Colleague: 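Here it is: the structure, laid out below.
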Amino acid sequence: MGIKMKICSWNINSIRLREAQVLRLLRDECPDVICFQECKSLVENIPQKSFYDLGYSHMAARGQKSYNGVAIFSKIPISKEFSIDFADLGQARHIAVCLENGFTIHNFYVPAGGDEPNMETNLKFAQKINFLNAMKDWFLSNIPKKAILVGDLNIAPDENDVWDHKKLLKVVSHTPMEIDKLLEVKKSGDWIDVFRKNKPNGKLYSWWSYRSKDWSLADKGRRLDHIWVTSDLKEMNFKNSVLRDVRGWDKPSDHAPIISVLG
DNA sequence: ATGGTAGGTCTCCTA
């Protein structure tokens, strides 16, 4: 092997509004690859030149006006890109690349699912479940190898992925049904959750609501953002971090960037 | 039980 790769995933909540924060992160952390969700931009309006100037000369993206949007910027050349319209929602929620170093990267923005965890009365929740089912089906018939899956999966699966497990059991992002579906997706591609591999116990969050003042003091977070790798990479080492400080920058995204160094 | 904040196609939708 001998390959070392630093990968970052960040729900940016408007890539145009937060260009300066992205540049600061890229200068501070120098990831080889960075994956964004919620770009909220057409691809042609992504401010890619300033990212190119820092060495991120390879981009793959899917865009929409105002909603969703995913992008991958890489220092490593991209040999192939593709995207799947899971559950036929017609929304920009997935982009994947094969890199020249042999790794495949999937970048996902799973539907948030609305407020009510009920498939009959809430179309957005039904779409979230359908999206997860489609992910599972796709990985069952397109077996991923030497692959990394990152993104805002909008589900906090473990008790320690939320600030209060019991209080959040009926809150979309932590309901048993969503968690079961996410675990099915994980099983379908034989994926490993690298953050929980290294830290099986203890609280881990990547998102804090804009609606809470003193978000850091209250610390009512959830781990909605994830980095998974296929089991053929399980012998690699993973150095993981949630860049919580970034959530405290001026004009922040409500998500912190998450990073894993694979080596 | 409620309301709180933020971004974009901005008095309405999404998160």
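Scope of the values below: all heavy atoms of this structure, side chains included, with no hydrogens, waters or symmetry mates. Quick caveat, the model's predicted, so the values are computed rather than measured.
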Colleague: Parallel under 30°, tilted from 30 to 60°, perpendicular over 60°: which one fits the rings of A:His106 and A:Phe82?
Modeller: perpendicular
Colleague: Round to a whole Å and report the spacing from CD of A:Glu116 to C1' of B:dA1.
Modeller: 14 Å
Colleague: Nearest whole angstrom, please: distance from the C1' of B:dT2 to the CG of A:Asp115.
Modeller: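 So the two atoms are 13 Å apart, to the nearest Å.
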Colleague: Under 4.0 Å between a side-chain N/O of A:Arg16 and OP1 or OP2 of B:dG7, yes or no?
Modeller: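 Checking B:dG7 against A:Arg16, no side-chain N or O comes under 4.0 Å of OP1 or OP2.
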Colleague: At less than 4.0 Å, is any side-chain N or O atom of A:Lys40 found next to OP1 or OP2 of B:dT14? Yes or no.
Modeller: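 No.
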Colleague: State whether A:Trp191 and A:Lys186 meet the cation-pi test: NZ (Lys) or CZ (Arg) under 6.0 Å from the six-membered ring centroid, and within 45° of the perpendicular axis.
Modeller: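 Pair A:Lys186/A:Trp191 does not count as cation-pi.
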Colleague: Please state the P separation for the pair B:dA1 and B:dC12 - nearest whole angstrom.
Modeller: 29 Å
Colleague: Can you figure out which of B:dG8, B:dT5, B:dG7 approaches the side chain of A:Lys251 most closely?
Modeller: B:dG7
Colleague: Roughly, in whole Å, what's the span from CG in A:Leu17 to P in B:dG7?
Modeller: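 In whole Å, B:dG7 P lies 5 Å from A:Leu17 CG.
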Colleague: A:Trp249 ring centre to A:Arg24 NZ or CZ under 6.0 Å, with the angle to the axis within 45°?
Modeller: yes
Colleague: Specify the separation, in whole Å, of atom CH2 of A:Trp207 and atom P of B:dT14.
Modeller: 17 Å
Colleague: Rounded off to whole Å, could you give me the OH-to-C1' distance for the A:Tyr109 and B:dT14 pair?
Modeller: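 That distance rounds to 8 Å.
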Colleague: Using atom CG of A:Leu123 as one end and atom P of B:dA15 as the other, report the distance to the nearest whole Å.
Modeller: 11 Å
Colleague: How long is the line joining CG of A:Asp152 and P of B:dT14, in whole Å?
Modeller: 17 Å
Colleague: Taking only N and O in the side chain of A:Ser14, is any of them less than 4.0 Å away from OP1 or OP2 of B:dG8?
Modeller: yes
Colleague: Which nucleotide sits closest to the side chain of A:Tyr67: B:dT14, B:dT5, B:dA15?
Modeller: B:dT14
Colleague: By nearest nucleotide on DNA chain B, pick out whichever of A:Ser212 and A:His255 is the more 5' one.
Modeller: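 This one resolves to A:Ser212.
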Colleague: Looking just at side-chain N and O atoms, do A:Gln37 and A:Ser9 make a donor-acceptor pair shorter than 3.5 Å?
Modeller: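 Judged by distance alone, the side chains do pair up.
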Colleague: Quick one: do the A:Ser83 and A:Arg62 side chains pair a donor with an acceptor below 3.5 Å?
Modeller: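 Yes, because at least one side-chain N or O of A:Ser83 sits under 3.5 Å from a partner of the opposite role on A:Arg62.
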Colleague: Starting from P on B:dA15, measure out to CG on A:Asp225 and report it in whole angstrom.
Modeller: 15 Å
Colleague: Toward the 5' end of DNA chain B, which comes first, A:Lys124 or A:Lys213, by nearest nucleotide?
Modeller: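 Taking each residue's closest nucleotide, the earlier one in sequence belongs to A:Lys213.
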Colleague: Using the C1' atom in both, what is the distance from B:dT5 to B:dC10, to the nearest Å?
Modeller: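 That atom pair is separated by 15 Å.
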Colleague: In whole Å, what separates the P atom of B:dG3 from that of B:dG7?
Modeller: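 Nearest-Å result for B:dG3 against B:dG7 at atom P: 22 Å.
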